[in-house]
Amino acid sequence: MVAHNLGYPRIGSQRELKKACELYWSGKTTYKNLLQAGRNIRQESWTLQKQAGIDLIPSNDFSFYDQVLDMSLMVGAVPERYHEVIISKNNSELDLYFAMARGYQKDGLDITAMEMTKWFDTNYHYIVPEFHKDQPFRLFATKVIDEYYEALQLGIKTKPVLIGPVSYLLLGKEKESGFEGIDLIKNLVPVYLEILKKLDRLNVEWIQFDEPFLALDLTEKQKRGFTYAYSEIRREFPHLKTIVASYFEGLRDNIKLATTLPVCALHLDLVRAPEQLDEVLAYVPDKMTLSLGVVDGRNIWKNDFSKSLAHIEKALSKLGTDRIMIAPSCSLIHTPCDLDLEKNESQLSREMKTWMAFAKQKLTEVSTIKGLAVPATRPEFSTRLAENLWAIESRRTSSLIHNPTVKERVSRITDADASRTNPFAKRKAKQKSELKLPLFPTTTIGSFPQTTEVRSWRAKWKKHELTDSDYDRLLKEETEKAIRWQEEIGIDVLVHGEFERNDMVEYFGEQLSGYTFSSNGWVQSYGSRCVKPPIIFGDVSRPNPMTVSWSSYAQSLTDRYVKGMLTGPVTILQWSFVRDDQPRSVTTNQIALAIRDEVSDLEKAGIKIIQIDEPAIREGLPLRKSDWKTYLDWAVKAFRISASGVKDETQIHTHMCYSEFNDIIDSIGAMDADVITIECSRSQMELLDAFAEFKYPNDIGPGVYDIHSPRVPSKDEMVYLINKARSVVPADQLWINPDCGLKTRHWDETRKALIEMVKAAHELRSPVEENAV
Ligand code: GLN
Ligand code: ZN
């Protein structure tokens with residue numbers, strides 16, 4: 001039996017890589033220093049894994065930016081626009097690589113970055129390969145060999161990790177029509193063979209191909225791609241020990257395909273899909289080894305050893321010890337590095353720490369589970385088993401986790417709780433006479449620029465260098481300025497500006513029971529960017545109102561309406577580490593009830609318009625299409641529970657910031673928000689077609705300008721866009737707003753842009769007919 005790991009966080013336990021890259025990008029450190037920082041991180045993680053008892057340690061899981069971009073460089077899929085970067089400017093290969101990731105504005109060149117998108121259903125973002133018809137591939141970069149060699153020098157024989165050829169192609173985007181990514185498989189595989197030949201010369205024993213697509217919906221052609229690629233590899237290198245790793249889903253209808261691939265080992269994610277084990281065992285051919293991914297690579301909870309051992313025992317009787325590998329469910333890059341670094345007990349209590357394992361701790365779990373699974377070594381590990389049983393039991397029964405009142409309330413949720421009293425048409429009429437808003441009402445999405453100053457107040461306040469009352473006073477002043485300024489330029493529905501919030505999920509997490517936080521639990525989001533997700537450990541409830549004082553204060557300053565501003569239950573769930581002891585839907589319902597109470601309290605405090613942001617609904621979509629409906633049903637219902645406790649006159653807004661609505665438009669309709677504001681400007685209102693076709697009945701604010709860029713749009717541009725919108729959506733359904741919050745912008749450009757936006761609304765209002773398209 002072998003204990004192995006699929007990949008280790010490369011950002012460094014103190015975010016060393018982030019710091020080194022950012023220094024290098026700003027020209028404050030040398031190329032040599034950056035390379036050394038990379039070497040240090042690799043050496044540390046290899047040593048750590050060795051000490052933890054991992055038999056097969058991965059290499060090439062390190063990356064200066066992204067593992068998919070590493071592959072693009074390896075196979076020479078460098079889009080033409082970057083060729084000048086390396087040829088004419090004497091840049092290094094790494095400079096070219098960073099140019100692809102981040103764009104290149106230097107030496108008179110202005111080259112855009114490659115696109116970035118989410119890595120399956122995680123919060124990690126990868127750089128999307130760009131493919132053309134007849135795309136040539138050639139061996140261009142040899143990082144995988146260099147790192148294997150580097151580890152060898154340190155006395156560690158690693159298992160190089162590559163993204164498998166099929167998944168690499170399916171991760172890319174076709175830049176012209178008339179072909180599919182998978183058509184390129186015959187061009188691509190020879191480059192893999194070339195790399196393998198070089199690795200083979202260095203006596204590589206094991207090699208891991210990550211093929212997450214093996215657990216997703218596949219076309220026949222894609223399936224043939226798998227068989228082709230791995231048959232070629234087997235034919236050229238019959239002695240090489242190959243592992244194909246599936247993760248994030250079960251193999252389901254691809255079990256036959258996966259078990260007939262000519263590979264030595266197949267990795268299964270038994271955390272996400274434990275049920276697949278029985279069927280895989282029924283199909284697995286003689287000689288094939290199974291790698292059992294029993295330790296959760298996506299969450300921070302301690303492994304339940306007895307549960308893992310039950311899986312392994314099942315496999316043991318069929319395969320014997322020699323054909324079993326023990327591993328985390330997927331690469332550990334989705335978990336923070338090291339729980340031992342959490343020293344602040346007021347933040348993460350000692351008791352809660354006994355329930356958790358970060359990446360480093362998960363390594364020890366993997367080797368311990370192996371120790372327990374092998375009869376000969378079992379006695380050595382018996383104390384650890386006892387400790388584990390105790391920790392699991394203590395978490396299961398802890399009074400910190402269980403709140404009977406919350407559980408009871410969730411069990412009593414009815415369909416009526418998830419429905420407004422009257423249908424939209426009736427509500428709209430009542431809201432019209434109550435609110436008396438003009439045609440094309442203007443608003444913003446919630447946040448205003450968080451200046452360095454505002455952030456420095458918060459930092460000082462957290463360090464107790466600023467008293468509560470001083471912090472409060474400063475924020476109030478800032479809020480008042482924002483209100484006055486919005487009045488001055490003539491926005492119709494104001495916002496308070498969210499100056500008191502650090503992050504739209506953390507702010508609520510900090511005030512909800514059932515939430516805790518790490519001090520150093522950073523996880524890579526993309527490149528050098530990391531996030532520190534809050535942790536939901538127990539039943540969620542709201543001990544006190546969370547936003548009412550800020551909204552009431554802002555409303556007290558003005559005669560115009562100020563929107564209450566909340567984050568929705570699905571987004572709060574999606575951007576946190578969640579409990580693994582109950583379904584996500586149950587946790588979401590608990591959060592939904594807390595938000596519902598907040599909405600009611602805002603209404604009682606006289607707030608007439610309340611926005612519940614749900615930017616993360618779409619990214620929670622399951623990876624397999626057949627699971628979408630179940631998810632969308634509970635996600636939409638949770639939103640409705642949070643929004644439906646108010647009277648008809650109270651106007652509920654929601655906001656989403658992504659531009660692919662077509663496939664979930666029914667569900668967006670079913671959310672039944674009175675107004676939805678959405679990102680639109682980059683796709684020039686095209687996505688409104690989905691709303692038009694669906695005859696979306698409620699009000700819509702299609703973003704009229706892109707807040708992701710400092711560029712100030714002109715009034716005319718925005719008039720043009722709204723007129724375009726009017727050609728598909730009736731004018732009295734339209735709102736005018738930017739496409740997302742303005743937190744990351746500067747005041748200067750924000751003011752200019754919003755002044756233009758208000759001018760656009762005025763022009764559109766008078767006279768209506770003249771502007772119609
Ligand atoms: N209300 C939030 C803001 O304006 C919405 C942010 C988001 O959509 N991601 O910052
Ligand atoms: Zn947004």
Side-chain angles (χ1 to χ4, degrees), residues 405-435 540-542 547 563-574 583-605 607-618 620-621 628-656 661 664-678 691 694-701 733 735:
T405 322
V406 175
K407 290 191 207 297
E408 211 256 330
R409 198 170 161 209
V410 167
S411 73
R412 273 191 293 112
I413 293 175
T414 62
D415 285 347
D417 293 332
S419 266
R420 299 285 294 269
T421 318
N422 278 302
F424 175 70
K426 268 205 178 150
R427 303 196 307 262
K428 180 155 177 162
K430 289 195 194 174
Q431 289 166 18
K432 210 168 171 179
S433 62
E434 169 92 13
L435 301 172
V540 176
S541 62
R542 185 196 71 138
T547 64
K563 269 196 278 193
M565 195 55 62
L566 306 173
T567 303
V570 184
T571 299
I572 292 184
L573 177 96
Q574 194 63 29
R584 295 165 77 84
S585 55
V586 175
T587 307
T588 314
N589 279 342
Q590 297 181 350
I591 306 169
L593 288 173
I595 300 295
R596 179 186 177 95
D597 293 346
E598 186 72 12
V599 170
S600 291
D601 283 346
L602 284 168
E603 184 184 56
K604 277 183 214 138
I607 306 297
K608 304 221 178 280
I609 305 181
I610 300 163
Q611 178 172 314
I612 308 171
D613 291 324
E614 281 290 22
I617 275 206
R618 190 174 204 290
L621 275 180
W628 280 22
K629 189 176 176 317
T630 314
Y631 162 78
L632 285 166
D633 284 352
W634 65 251
V636 167
K637 185 163 180 198
F639 175 84
R640 292 175 59 127
I641 292 166
S642 71
S644 296
V646 287
K647 51 185 195 225
D648 288 346
E649 288 79 359
T650 300
Q651 189 171 64
I652 299 288
H653 290 216
T654 190
H655 164 71
M656 294 179 183
F661 285 97
I664 58 163
I665 185 79
D666 302 19
S667 303
I668 291 173
M671 287 166 72
D672 197 26
D674 297 309
V675 182
I676 181 172
T677 54
I678 49 172
F691 284 80
F694 177 72
K695 297 214 171 12
Y696 184 79
N698 303 16
D699 287 6
I700 313 175
Q733 267 178 264
W735 284 62

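In this structure a side-chain-to-backbone donor-acceptor pair under 3.5 Å is present from T571 to A616. Of the possible polar contacts, one joining the N698 side chain to the A673 backbone as a donor-acceptor pair under 3.5 Å is found. The main-chain N or O of I612 is found under 3.5 Å from a side-chain atom of T654 such that the two form a donor-acceptor pair. A side-chain donor-acceptor contact under 3.5 Å links R427 to the backbone of N422.
Counting heavy atoms from C-beta outward, N589 and I641 have side chains that approach closer than 4.5 Å. Inter-residue side-chain proximity for I595 and I572 is flagged as met; some heavy-atom pair is nearer than 4.5 Å. Using a 4.5 Å heavy-atom cutoff, the side chains of R584 and Y631 are not in contact. Between I652 and V599 there is a side-chain heavy-atom pair separated by less than 4.5 Å. Residues K428 and D699 have side chains in contact (heavy-atom distance under 4.5 Å, counting atoms from C-beta outward). Counting only heavy atoms from C-beta outward, the side chains of Q590 and P569 never approach each other to under 4.5 Å. V636 places none of its side-chain heavy atoms less than 4.5 Å from the side chain of I668.
Taking a cutoff of 4.0 Å between a charged side-chain nitrogen and a carboxylate oxygen, R420 and D672 do not qualify as a salt bridge. Ion pairing between a basic and an acidic side chain is recognised when a charged N comes within 4.0 Å of a carboxylate O; E408 and R412 show such pairing.
Looking at residues two or more places apart in sequence or on another chain, you find a side-chain contact (heavy atoms from CB on, under 4.5 Å) between K647 and E603, E649, T650. T414 meets the side-chain contact (heavy atoms from CB on, under 4.5 Å) test with A416, D417; sequence neighbours excluded.
To the nearest 0.5 Å, atoms CE (M565) and NE2 (H653) are separated by 9.0 Å. To the nearest 0.5 angstrom, D674 atom CG is 4.0 Å from Q431 atom CD. Between the OG atom of S642 and the CZ atom of R640 there is a distance of 10.5 Å, given to the nearest 0.5 Å.
By the neighbour-count criterion of 12 heavy atoms within 6.0 Å, atom NZ of K629 is sparsely surrounded, having that number or fewer from other residues, nucleotides or ligands.
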